[in-house]
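Because only heavy atoms are used, hydrogens play no part in the values below, and waters and symmetry mates are left out as well, while side chains stay in. Note on naming: letters A, B, ... go to the chains in the order of the sequence lines (proteins, then strands), and numbering restarts at 1 for each one.
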Number of protein chains: 2
Amino acid sequence: MVQREGRAERRVATLSDVAQRAGVSLATASKALNGRSEVAPATRQRVIAAAEEISFTPNQLARSLVENRTRTVGLLTSDLEGRFVLPILIGAEDAFGAGRVDVFLCDARGDAVRERHHLNALLERRVDGIIVVGRQTDPRPSLGHELPVPVVYVYAPSDDPSDLSLTPDNRAGGRLSVEHLIACGRSRIAYISGDRSYVAARDRVEGALGALDDAGLELVGEVMYSEWSEHWGRDAAAMLLTKHPEIDGIVCGSDQIARGAIDTLRDLRRAVPDDVVVIGFDNWEILATNSRPALTTIDANMQELGRTAAQRIFEAIDGEVTEQGIHYQPVRLVIRGSTIERR
Amino acid sequence: MVQREGRAERRVATLSDVAQRAGVSLATASKALNGRSEVAPATRQRVIAAAEEISFTPNQLARSLVENRTRTVGLLTSDLEGRFVLPILIGAEDAFGAGRVDVFLCDARGDAVRERHHLNALLERRVDGIIVVGRQTDPRPSLGHELPVPVVYVYAPSDDPSDLSLTPDNRAGGRLSVEHLIACGRSRIAYISGDRSYVAARDRVEGALGALDDAGLELVGEVMYSEWSEHWGRDAAAMLLTKHPEIDGIVCGSDQIARGAIDTLRDLRRAVPDDVVVIGFDNWEILATNSRPALTTIDANMQELGRTAAQRIFEAIDGEVTEQGIHYQPVRLVIRGSTIERR
DNA sequence: AAACTTTCCGAAACCGCTTTCGGTCAGAGT
DNA sequence: ACTCTGACCGAAAGCGGTTTCGGAAAGTTT
């Protein structure tokens, strides 16, 4: 029988090669390399040396097959931009790091068919768990409960309350924004939001209004809803300031909007933060740190979200009773020049 | 022997379950599901039906083990931002899509140790190939030639010429920028670059200067080198315009810089594009489309890069002779409002 | 010195699948 | 009626590991 040439068949070393070289049996070699106790120190050394000499790389496929776990979790995202999924990936890798688990990232690009396909690919590869990341905080369809592995939804919660979802606490974020502006001595506060159809937009507004109410203040003007863009931030700010020149603080639904608002303020020769303070949402570094002045904003702690998701997956794998429902994770105020005067 | 409870051991269906249910042997079931010809149509139908009934999901681990290929490639990146790696991932997935290959993404975060670790993880999982993505176009250390799988370097080329690297043609990009400004009727062109220590910065400048030379023009002022930031773009533009008020076109080393430059032009009440045209580099959508006016820029065709990388991996897997060296991939001019007057 | 432990090792089963290869059996050829 | 083909199917041998379990050798007790 002719060996098919073509594929660069540089045969990789196998455990029996190691065993043979060390003069022990397959079983002993395995035990030696896995740190099992039933093997004499001298033997173990011999095996390890042999393995190194032929640069043996254990075949995880074989191992996974028998152990019935792959030490791999799937990260199924539809966030093509990557601004949410990458921090989450990093957080998850950190949390898994200790357990030598790796993360398999699939990008469904917001396409249900592709998502189905990738889900299937993950299941066929027998991942131990799946983290689903959406690109907005609106509820998304559940993957269902027939899955043989634990699933955690991050950022976009599942629409099925018996799934476990982790999502940033937008309401708290909105509240935090307003409280910060008040702490900055402002009382004539306006709000430029994004697309009203987003839960995130509404939740943030709700939190903000709550905080204003608690402080006995009223919003200046109406909440301005439109789209999540710098363009809208500019236009909305212009409209607001024309109608309500007394405004001394603007809460924005996103960093993009905030940048637009700051742009307009600059055009209008209103100093930030002296005359008007501005706060954004997301802490999208590239936007927040490059604006003039740098943008105070709310960080949704994506990395932490990823870490927590990983832990929940772990717990579920280990058979602990799985939690359910939407868990709102704390957000964090990041103070920069747009609210606090730089010295 | 007590079955270990704990892990949600919902036993997943196996091929023998299918075989049994369909009343055929394991071998026949396998053949039926894989579309092999040595099985009668009726039998095949029976097997397929059985598989569906118990929602059989083939175990790729087992399959990979025997086929000696995983239909998985690793994407090893150090681009935490994700602005390069995600388009590349998408391109690669597209190219592989047909062959039902999936991509395993690992983020080394620019850390050599982590990179080593992930590389090992990929090899243990027996990926069929590896795509290495850097976050800048400077050469990076090769992973070496001892690897049992094909490797393609993307964006950041390998420092070993016998590796295959795909990187955008920054020189052509620089040239394209200048040619476009000239086509816009400009002749007093300045250049704001980024960090001089980056090959990308120097290559782009080189291309630009070449194009100027070909047109019989001279650069206005010196090439300004500093950092890749909006801040620098603002400052550099201010300096340039003070010293050389005649400038009617600015080539920028990145979109960030270009945004800064546009900002300054706005402050100075110089109209873009009427008085001065500006061109960036990268086509980083979030920056380019939100500036006032939107930014004309050079797109490095990352997605195409990913697709090509995937194809090269395929070829190498199939045993075709592998190419070597650094291949400079074409870039593309994206025209927006900062160079062409909007109607 | 006999009996009993303990320590260390290896044969073999198994994980879930693919593939080879020999066997059955129906229909075709003569 | 009898061989000869094919077409179809299944037993069994792996793929590269882990793990069980029995046994040999060495050390401990009496």
Side-chain angles (χ1 to χ4, degrees), chain A residues 1-4 7 9 11-47 50-51 54-71 123-128 148, chain B residues 1-4 7 9 11-47 50-51 54-71 123-128 148:
Chain A
M1 170 106 208
V2 177
Q3 173 79 3
R4 189 167 78 82
R7 294 193 55 186
E9 297 278 10
R11 203 175 84 68
V12 305
T14 165
L15 186 57
S16 4
D17 297 338
V18 175
Q20 199 171 337
R21 191 164 233 274
V24 299
S25 80
L26 195 60
T28 304
S30 172
K31 284 181 264 191
L33 292 178
N34 290 319
R36 304 283 303 260
S37 59
E38 327 110 339
V39 45
T43 314
R44 185 188 308 278
Q45 278 314 316
R46 212 147 24 94
V47 174
I54 60 179
S55 63
F56 167 66
T57 308
N59 186 328
Q60 286 295 343
L61 301 173
R63 178 199 279 255
S64 297
L65 191 55
V66 42
E67 286 191 339
N68 200 30
R69 69 178 300 191
T70 51
R71 297 169 194 283
L123 293 178
E124 289 186 346
R125 283 181 173 71
R126 296 293 190 264
V127 294
D128 295 331
Chain B
M1 170 105 204
V2 176
Q3 172 80 4
R4 190 167 77 81
R7 296 193 53 187
E9 296 279 10
R11 204 176 83 67
V12 306
T14 165
L15 186 59
S16 6
D17 298 337
V18 175
Q20 199 171 339
R21 190 165 235 273
V24 298
S25 80
L26 197 59
T28 303
S30 171
K31 284 180 257 189
L33 292 179
N34 290 319
R36 306 281 305 261
S37 59
E38 326 109 346
V39 45
T43 314
R44 185 187 308 279
Q45 278 315 316
R46 213 149 21 95
V47 174
I54 59 178
S55 61
F56 167 66
T57 308
N59 186 328
Q60 287 294 345
L61 301 174
R63 179 202 277 257
S64 297
L65 190 55
V66 39
E67 286 191 339
N68 199 29
R69 70 178 299 190
T70 50
R71 297 168 195 283
L123 293 177
E124 289 186 345
R125 283 179 173 71
R126 295 294 190 266
V127 293
D128 295 332

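For the pair Asn34(A) CG and dT20(D) P, the computed distance is 13 Å after rounding to whole Å. The CG-C1' distance, from Asn68(B) to dC17(C), rounds to 14 Å in whole Å. Rounded to whole Å, the distance from CZ on Arg46(A) to C1' on dC9(C) is 11 Å. Taking atom CG on Leu15(A) and atom P on dT18(D), their separation rounds to 6 Å, with Å as the unit. Per the geometry, CZ belonging to Arg71(B) stands 13 Å off C1' belonging to dC17(C), to the nearest Å. Across the protein-nucleic acid pair, Leu26(A) atom CG and dT20(D) atom P stand 15 Å apart, rounded to whole Å. Rounded to whole Å, atom C1' of dG16(C) lies 15 Å from atom CD of Gln20(B). Remark: C1' of dC17(C) and CG of Leu61(A) are 12 Å apart, rounded to the nearest angstrom.
The side chain of Ala62(A) sits closest to dG17(D) out of dC15(C), dT18(D), dG17(D). Residue Arg126(B) places its side chain closer to dG17(D) than to any other of dC9(C), dT18(D), dG17(D). Of the candidate nucleotides dT20(C), dC9(C), dT19(D), dC9(C) has the atom nearest to the side chain of Val39(A). When distances run from any side-chain atom of Thr43(B) to the nucleotides dG10(D), dC8(D), dG14(D), the shortest one goes to dC8(D). Of the candidates dT19(D), dT18(C), dC9(D), the closest approach to any side-chain atom of Ala40(B) belongs to dC9(D).
Smallest separation of non-hydrogen atoms from Asn59(B) and Leu65(A): ND2-CD1, 3.9 Å. The nearest pair of heavy atoms linking Arg36(B) to Arg44(B) is O-NH2, 2.5 Å. Considering every non-hydrogen atom in both Thr14(B) and Phe56(B), the closest pair reads C-CE1, 3.6 Å. Between Val24(B) and Ala29(B), the shortest heavy-atom contact is CG2-N, 4.0 Å.
No more than 12 heavy-atom neighbours from other residues, nucleotides or ligands sit within 6.0 angstrom of CD on Gln20(B).
Here Arg71(B) pairs with Glu67(B) under the salt bridge (charged side-chain N to carboxylate O under 4.0 Å, His left out) rule; sequence neighbours left out.
Phosphate proximity of dG16(C) to Arg63(B): absent, as no side-chain N or O sits under 4.0 Å from OP1 or OP2. Considering only side-chain N and O atoms, Thr14(B) lies nowhere under 4.0 angstrom from the phosphate OP1 or OP2 of dG16(C). An OP1 or OP2 oxygen of dA11(D) is reached within less than 4.0 angstrom by no side-chain nitrogen or oxygen of Ser25(B). Using a 4.0 Å cut-off, no side-chain N or O of Asn59(B) falls inside it from OP1 or OP2 of dC15(C).
Between Leu33(B) atom CG and Thr28(B) atom OG1 the span is 10.5 Å, to the nearest 0.5 Å. Note that CG of Leu61(A) and CZ of Arg125(A) are 10.0 Å apart. Values are rounded to the nearest 0.5 Å.
Residue Ala27(A) is in base contact, counting any heavy-atom pair closer than 4.0 Å across all strands shown.
Nucleotides of DNA chain C nearest to Gln60(B) and Thr28(A) differ in position, and the one nearer the 5' end is that of Thr28(A). Each of Lys31(B) and Val66(B) was assigned the nucleotide of DNA chain D with the nearest heavy atom; the assignment lying further toward the 5' end belongs to Lys31(B).
Summary of helix geometry: the two end axes of the helix from dA1(C)-dT30(D) to dT30(C)-dA1(D), each defined by five base pairs via their C1' atoms, are inclined to each other by 50° (rounded to 10°).
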